[in-house]
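These notes are about the structure you will find just below.
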Amino acid sequence: MSSDDDLDQTLGGRAGLHFPRFLVVAARDSQPIKLSIFGIQKLVACAIGDIKEAKKLRNGTVLLEVKSQSQADKALAMSMWVDQEVEITAHRSLNTSKGIIRCREF
């Protein structure tokens, strides 16, 4: 584990300003990802380290939840998973939060 990962984990992942915690992995040829979830977890662990979670979605893509900025950067740089070309992008809605702030005095 690198010193950046250590710092991110010590600070609860807040060392960098903002980074995409949730990433979507899709095959470039519009086919579902061929690997099983066990193969995906092993591949990701070897390539970028121990991540928080990996899930196979019904539409054939994979959702990754990373722990640190350095893991996100490594994942976003990947273009091949075994023998399948992939595109990794930040999830469109899970990386943001939305809410309403109310104050009774106004």
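Along the sequence shown, residues are numbered consecutively beginning with 1.
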Do any side-chain atoms of residues 54-64 form donor-acceptor pairs under 3.5 angstrom with protein atoms, and if so which ones, sequence neighbours left out?
residue	atom	partner	partner atom	Å
Lys56	NZ	Ile33	O	3.2
Lys56	NZ	Leu35	O	2.7
Asn59	OD1	Thr61	N	3.1
Asn59	OD1	Thr61	OG1	2.7

**Complete:** Cluster membership besides Ile101, Ile/Leu/Val/Met/Phe/Trp/Tyr side chains within less than 4.5 angstrom, sorted by chain and number, is none

**Message:** With rounding to the nearest 0.5 angstrom, report the OG1 to NE2 distance, Thr96 to His91.
**Reply:** 9.5 Å

**Prompt:** Rounded to the nearest 0.5 Å, how far does CD of Gln69 lie from CZ of Arg21?
**Reply:** 10.0 Å

**Request:** Considering non-hydrogen atoms only, spot the tightest contact between Pro20 and Ala72 and give its length.
**Result:**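 Looking at all heavy atoms of both residues, the shortest contact is O-CB, 3.7 Å.
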
**Request:** Only counting residues at least two apart or in another chain, list the ones meeting side-chain hydrogen bond (donor to acceptor under 3.5 Å, both in side chains) with Asn95.
**Result:** none

**Message:** When you group the ILVMFWY residues by side-chain heavy-atom contacts below 4.5 Å and let the links chain together, are Leu76 and Val24 in the same group?
**Reply:**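 Each belongs to a different hydrophobic cluster.
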
Distance-only donor-acceptor hits, side chain of residues 77-89, under 3.5 Å, sequence neighbours excluded:
residue	atom	partner	partner atom	Å
Gln84	OE1	Lys34	N	3.2
Gln84	NE2	Pro32	O	3.2

**Message:** Under the criterion side-chain contact (heavy atoms from CB on, under 4.5 Å), I'd like the reasoning laid out for Ile51 against Lys67: C-alpha separation, chi angles, the key distance, then a yes or no.
**Reply:** CA-CA 6 Å; Ile51 64 169; Lys67 294 179 182 178; 5.6 Å; no

**Message:** Contact between Val66 and Phe19 at the side-chain level, heavy atoms closer than 4.5 Å - yes or no?
**Reply:** yes

